[in-house]
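All remarks here apply to the structure that follows.
What you see is a predicted model; the values in this text were computed from it and never measured.
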Amino acid sequence: KDRVILSEWADLVFEGMTIAGYAVGAALGVIYLRGEYAYLRQPLEDKLAARRRAGLLGADIQGKTGFNFDIHIHMGCGAYVCGEESALIESLEGKRGQPRNRPPFPVSKGLYGAPTVVNNVETLAWAATVFALGADWFKNVGTEKSSGFKLLSISGDVERPGVYEFPMGTKIGTILEAAGAKNTKAAVVGGASGVLVPAKDFNRAICFEDVSTGGSIIVFNEDRDLLDLVENFQEFFADESCGQCPIC
């Protein structure tokens, strides 16, 4: 879903980053682009150049004296562990992508020792949207503790795989039905390190107070052997684990 956002709504991300930069007094924003998505770099660079020409990036943005902010794209190599914020920062500094011991946290000592805000692509895009449409608009969607919408990448045994947008608090069964899931045995919510939800629990909801997720749902029907799934995930973590986390 982050790839889709960067492909189709990159300006929302850039706008969210600029808002964040203004809020915390940062002069530089960095997009860490996975190696698998190298083909996205030039279109993103073109959009950044257009924003500079329009006065939306650079020095004294939109005539506001002293508001200087620009965005740089850094190419990563695609390591799973670099999805962890401190490993991502290590990679940005040219080191092996390995999580740091914390504290200190990135907000106090991050990239090159400077305070650093690390956020997800979707979060930044929503920040720009909330600024445009208002906090009340966002709070009126979802649940009391989980406002707004969520983008979900749905794959596996479904007729219509893809990226979907649902209000927070939507039941898993409703989401799977929209994607054309049939005879479903279970769904993995949150990727390989997420939670396996059996069919009997599909009345649970996607939200922070129930089943929380970064946005991935993988669907398995009755023809699947879940032991094969477990073996596949074990092989994945054997290849991708940094060796620090007991779960991996």
- Test item: L196 and L226 side chains (from C-beta on) under 4.5 Å apart, heavy atoms: yes
- Please name all residues satisfying side chain to side chain contact (heavy atoms under 4.5 Å, CB included) with E222, sequence neighbours left out, ordered by chain then number. N183, K185
- Is a side-chain donor or acceptor of D70 paired with a backbone partner of G58 at a separation under 3.5 angstrom? no
- Task: Supply the members, apart from V130, of the Ile/Leu/Val/Met/Phe/Trp/Tyr cluster built from side-chain contacts under 4.5 Å; use none for a lone residue.
- Result: W126, L133, W137, F138, V141, F149
- Query: Going hydrophobic residue to hydrophobic residue with side-chain gaps under 4.5 angstrom, can you get from L229 over to L227?
  - Reply: no
- Among Ile, Leu, Val, Met, Phe, Trp and Tyr joined by side-chain contacts under 4.5 Å, find the other residues sharing a cluster with V107 and list them by chain and number. F105
- Task: Scan for ring pair (Phe, Tyr, Trp, His ring centres under 6.0 Å) pairs involving residues 191-234, sequence neighbours excluded, and state none if there are none.
- Result: none
- Message: Can you tell me if E177 has over 12 outside heavy atoms packed within less than 6.0 Å of its CD?
- Response: no
- Message: I'd like to know if the side chain of S146 and the backbone of G142 have a donor-acceptor N/O pair within less than 3.5 Å.
- Response: no
- Message: Which residues pass the salt bridge (Lys or Arg N to Asp or Glu O under 4.0 Å) test with R51, not counting sequence neighbours?
- Response: D11, E15
- Item | Flag side-chain contact, heavy atom, 4.5 Å: T213 against L152 | yes
- Message: Once ring-ring contact (aromatic ring centres under 6.0 Å, His included) is applied, do any residues pair with F67, and if so which ones, sequence neighbours excluded?
- Response: Y22
Under 3.5 Å, sequence neighbours excluded: what are the donor-acceptor pairs made by side chains of residues 113-121?
from	atom 1	to	atom 2	distance (Å)
T116	OG1	L111	N	2.8
T116	OG1	A114	O	2.9
N120	OD1	K1	NZ	3.2
N120	OD1	E122	N	2.7
N120	ND2	D2	OD2	3.4

- Item | Residue R96 excluded, over 12 heavy atoms near CZ under 6.0 Å | no
- Query: What residues, two or more places apart in sequence or in another chain, satisfy side-chain hydrogen bond (donor to acceptor under 3.5 Å, both in side chains) together with E144?
  - Reply: none
- Message: Any non-hydrogen side-chain atom of L56 less than 4.5 Å from a side-chain atom of T18?
- Response: no
Quiz: residues 169-176 side-chain donor-acceptor pairs under 3.5 angstrom, not counting sequence neighbours:
from	atom 1	to	atom 2	distance (Å)
T170	OG1	P167	O	2.6
K171	NZ	N203	O	3.1

- Across all chains, not counting sequence neighbours, the side chain to side chain contact (heavy atoms under 4.5 Å, CB included) partners of R160 are Y164
- Sidechain-backbone polar pair: T184 side chain, A186 backbone, donor-acceptor under 3.5 Å: no
- Go through the side-chain N and O atoms of E93 and S91 and say whether any donor and acceptor fall under 3.5 Å apart. no
- Task: Tell me yes or no: between the side chains of Y39 and S7, is some donor less than 3.5 Å from an acceptor?
- Result: no
- Message: Would you say CZ of R100 has more than 12 non-hydrogen atoms from neighbouring residues, nucleotides or ligands within 6.0 angstrom?
- Response: yes
- Message: I'd like to know if K95 pairs up with E90 as an ion pair, taking the criterion as any Lys NZ or Arg NE/NH1/NH2 lying under 4.0 Å from an Asp or Glu carboxylate oxygen.
- Response: yes
- Task: Side-chain contact test, heavy atoms from C-beta onward, threshold under 4.5 Å: evaluate it for R34 versus M75 and give yes or no.
- Result: no
- Joining Ile, Leu, Val, Met, Phe, Trp and Tyr whenever any side-chain heavy atoms lie under 4.5 Å apart, the cluster holding F131 also takes in I19
- Exercise: identify the closest heavy-atom pair between G191 and V188: O-CG1, 3.1 Å
- Connected to V81, directly or through other members, by ILVMFWY side-chain contacts below 4.5 Å are none
